[in-house]
Amino acid sequence: MEVRVRFAPSPTGYLHVGGARTALYNWLLARRHGGSFILRIEDTDISRSTEEAIQAIMEDLRWLGLDWDEGPEVGGKHFPYRQTGRYALYRDAAMRLLREGKAYPCFCEPEELAERRREALRQGRSPMYDRRCLALPEREKEARMRQGIPYALRFLVPEGEVTFTDLVRGEISFRNRDIEDFVLLRSDGSATYNLAVVVDDLEMEITHVVRGDDHLSNTPKQILLYRALGAEPPAFAHLPMIVARDGRPLSKRHGDVSVGSFREKGYLPEAMVNFLALLGWSLDDSTTIMDRTTLVENFSLERVSSKPAVWDEDKLLWMNSQYIMALDDRELAGRIFPFLVREGLVEESDAAARELLVKAAPLIRERIKLLADAVHLVRFLFQEVEIEEDARQVLEEEAAEPVLREAGKALLELKEFKAPQIEGTLRAMADRLGLKPRQAFQPLRVAITGRKVSPPLFESMELVGRERCLQRIARALEAL
RNA sequence: GGCGCAUUAGUCUAGUUGGCCUAGGACGCCGCCCUCUCAAGGCGGAGAUCGCGGGUUCGAAUCCCGCAUGCGCUACCA
């Protein structure tokens with residue numbers, strides 16, 4: 001049987017890392033088994049769903065390389081792939097349940113239900129629906145319906161218990177008497193989450209429901225619904241939550257955890273994917289860096305952990321640096337370039353700048369953990385330098401003036417303005433002045449790059465070029 | 001209150017059927033080396049009585065029971 005999985009975000013905000021991991025695991029499972037990965041937008045909550053959020057979620061999924069086989073923009077035979085277009089399906093299912101006596105109308109008002117719930121809690125009782133509308137005489141129900149009194153449709157939870165095998169956690173069971181008669185259709189006719197998911201997963205022939213842990217207690221309700229509809233439930237796998245260091249579920253409270261924000265900070269999608277994959281899953285006892293192919297070839301739900309994982313950005317950062325170091329010059333430059341454009345350092349169309357960046361790539365590769373880190377490291381290549389505040393002190397040191405003076409002369413006489421030659425002549429100069437390398441080179445670094453920290457000096461000078469180097473040295477000298 | 005799930009170092013985790021675990025790997029941290037700055041790299045180090053308490057066993061992180069803590073659900077949200 002073909003493996004069919006889905007990622008079903010509700011577009012009430014941006015895709016956050018927890019959602020991204022859920023999507024990734026689903027995608028991985030589909031790719032591992034040559035199945036289908038379906039994207040379905042759960043926008044039954046119209047008031048909170050937005051079109052922008054849908055677009056943003058799709059953009060983030062694409063950025064991560066999680067392509068869907070069916071869903072918005074790609075279509076599929078189970079169209080449409082957003083719940084707002086599937087009302088008829090939910091209604092049909094609900095009405096069928098009503099006809100078969102597996103659901104019943106409830107005329108209770110939301111406010112009064114809320115009040116009863118509060119009261120129950122106050123008295124230490126379980127705040128479950130008391131089925132008072134189920135007890136209504138048939139004639140009374142019909143009368144009220146005829147009068148047009150709005151009603152919600154509740155599922156009549158049967159007796160017994162629900163036991164299922166979660167692919168991550170093993171056997172889990174719930175007693176039905178702990179499950180209340182949940183609402184299927186709201187009084188405005190719209191479907192609630194539990195009804196919609198079941199109807200959709202059924203209609204879309206989903207074989208594995210892989211989702212967050214927070215849905216674990218919804219599962220028995222859904223299984224009951226599958227059975228009531230005369231269908232076999234799919235397999236379930238509940239992923240542990242991603243929490244912050246304080247042990248609470250990761251959320252906005254802990255800073256921006258949207259996938260988009262990581263992209264903007266300069267994380268690589270391949271690093272995100274690798275890191276996300278390892279948040280709750282492992283290949284073995286030692287493999288940490290894995291490319292997409294390795295992930296696809298080895299992913300299995302059996303190796304998914306059931307304990308919540310703490311989001312550790314330090315490790316993500318390290319992983320990102322690993323992926324950055326693995327990029328070749330041109331690729332790395334290509335990824336950094338947009339960040340320079342964003343900073344206004346270069347024009348999008350500046351081909352020469354692109355080439356210069358390619359040459360600078362080997363100098364910065366091991367010095368950045370985020371693509372955005374490159375900006376301040378290469379700024380001096382694209383802009384005249386402005387000496388940074390904390391770098392001025394370097395020029396105030398005693399050795400600064402003679403170094404700049406002598407270096408200027410030495411560089412002027414150099415036949416070939418290449419890193420090895422530059423290094424040779426500058427080291428000789430340092431010897432002549434009786435200075436340690438550091439004493440001799442720091443003032444030059446500040447003059448050329450404007451900062452105390454920069455890519456390797458000689459290579460940087462080569463890229464800046466003789467003329468500009470001499471100008472910068474002269475300027476620094478004037479400023480003394 | 002009820003129901004459910006989880007519990008190996010600061011963190012991610014390995015540990016699938018009890019012995020190869022005096023608990024392995026990685027991030028982070030500390031030290032040394034390398035060094036023109038910063039990194040990267042190399043070498044080394046600290047850090048876990050495997051939540052707690054019982055039990056089963058020749059032997060338990062691994063099996064059983066109890067407890068504690070945390071989290072989730074308990075909506076006409078998803």
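Side chains are part of it too, since the values below use all heavy atoms of this structure and drop only hydrogens, waters and symmetry mates. In this text, all values refer to a predicted model and were calculated from it rather than measured experimentally. The sequence lines fix the lettering, A, B, ..., with proteins before strands; numbering per chain opens at 1.
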Cation-pi, F262(A) ring and K265(A) (6.0 angstrom, 45 degrees):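 Because its charged atom sits under 6.0 Å from the ring centre and within 45° of the axis, K265(A) does stack over F262(A).
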
Ring-face cation contact, F182(A) with R154(A), 6.0 Å cut, 45° max: no

Among [options], which is the nearest nucleotide to the side chain of [X]?
X       : options                : result
D312(A) : A26(B), A39(B), G10(B) : G10(B)
R303(A) : G10(B), A39(B), G15(B) : G15(B)
V453(A) : C12(B), G2(B), U37(B)  : U37(B)
D285(A) : C76(B), G24(B), C12(B) : G24(B)
S454(A) : U37(B), G28(B), A40(B) : U37(B)
K315(A) : A78(B), C12(B), G4(B)  : C12(B)

Any donor-acceptor pair under 3.5 Å linking the side-chain atoms of [Y] with those of [X]?
X       : Y       : value
S454(A) : R445(A) : yes
R438(A) : Q442(A) : no
Q222(A) : N194(A) : yes
H238(A) : D166(A) : yes
N218(A) : Y193(A) : no

Salt bridge or not for [X] and [Y], using N-O below 4.0 Å?
X       : Y       : answer
R451(A) : D390(A) : no
D329(A) : R365(A) : yes
R116(A) : E119(A) : no
E459(A) : K418(A) : no
E270(A) : R335(A) : yes

I'd like the [atom1] distance from [M] over to [N], given in whole Å.
N      : M      : atom1 : result
G72(B) : C64(B) : C1'   : 27 Å
G25(B) : A46(B) : P     : 12 Å
U49(B) : A39(B) : C1'   : 39 Å

Check: protein-nucleotides 30-36 of chain B nitrogen or oxygen pairs below 3.5 Å:
{"from": "C36(B)", "atom 1": "OP1", "to": "R427(A)", "atom 2": "NH1", "distance (Å)": "3.2"}
{"from": "C36(B)", "atom 1": "OP1", "to": "R427(A)", "atom 2": "NH2", "distance (Å)": "2.5"}
{"from": "C36(B)", "atom 1": "O2'", "to": "R445(A)", "atom 2": "NH2", "distance (Å)": "3.1"}
{"from": "C36(B)", "atom 1": "O2", "to": "R445(A)", "atom 2": "NH2", "distance (Å)": "2.4"}
{"from": "C36(B)", "atom 1": "N3", "to": "L457(A)", "atom 2": "N", "distance (Å)": "3.2"}

First encountered from the 5' end of RNA chain B, between R367(A) and W281(A):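 The residue whose closest nucleotide sits nearer the 5' end is W281(A).
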
Contact residues, residues 388-404 of chain A to RNA chain B [heavy atom, < 4.0 Å]: none

Base-pairing assignment for G4(B) (Watson-Crick or G-U wobble, both under 3.5 Å): C71(B)

Sugar-phosphate, base or nothing in reach of S306(A), heavy atoms under 4.0 Å: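 It contacts sugar-phosphate atoms only.
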
Touch class at under 4.0 angstrom, heavy-atom based, for T192(A) against every strand present: sugar-phosphate

Distance below 4.0 Å between R175(A) side-chain N/O and C3(B) OP1 or OP2: yes

Residue-phosphate contact under 4.0 Å: S282(A) side-chain N/O, A14(B) OP1/OP2: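 Checking A14(B) against S282(A), a side-chain N or O does come within under 4.0 Å of OP1 or OP2.
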
Distance, rounded to the nearest Å, where F275(A) contributes CZ and C12(B) contributes P: 9 Å

Tabulated below should be each protein N or O lying under 3.5 Å from an N or O of nucleotides 65-75 of chain B; please produce it.
{"from": "C73(B)", "atom 1": "O4'", "to": "S217(A)", "atom 2": "OG", "distance (Å)": "3.1"}
{"from": "C73(B)", "atom 1": "O2'", "to": "S217(A)", "atom 2": "OG", "distance (Å)": "3.4"}
{"from": "A75(B)", "atom 1": "OP2", "to": "R117(A)", "atom 2": "NE", "distance (Å)": "3.2"}
{"from": "A75(B)", "atom 1": "OP2", "to": "P127(A)", "atom 2": "O", "distance (Å)": "3.1"}
{"from": "A75(B)", "atom 1": "O5'", "to": "E180(A)", "atom 2": "OE2", "distance (Å)": "3.0"}

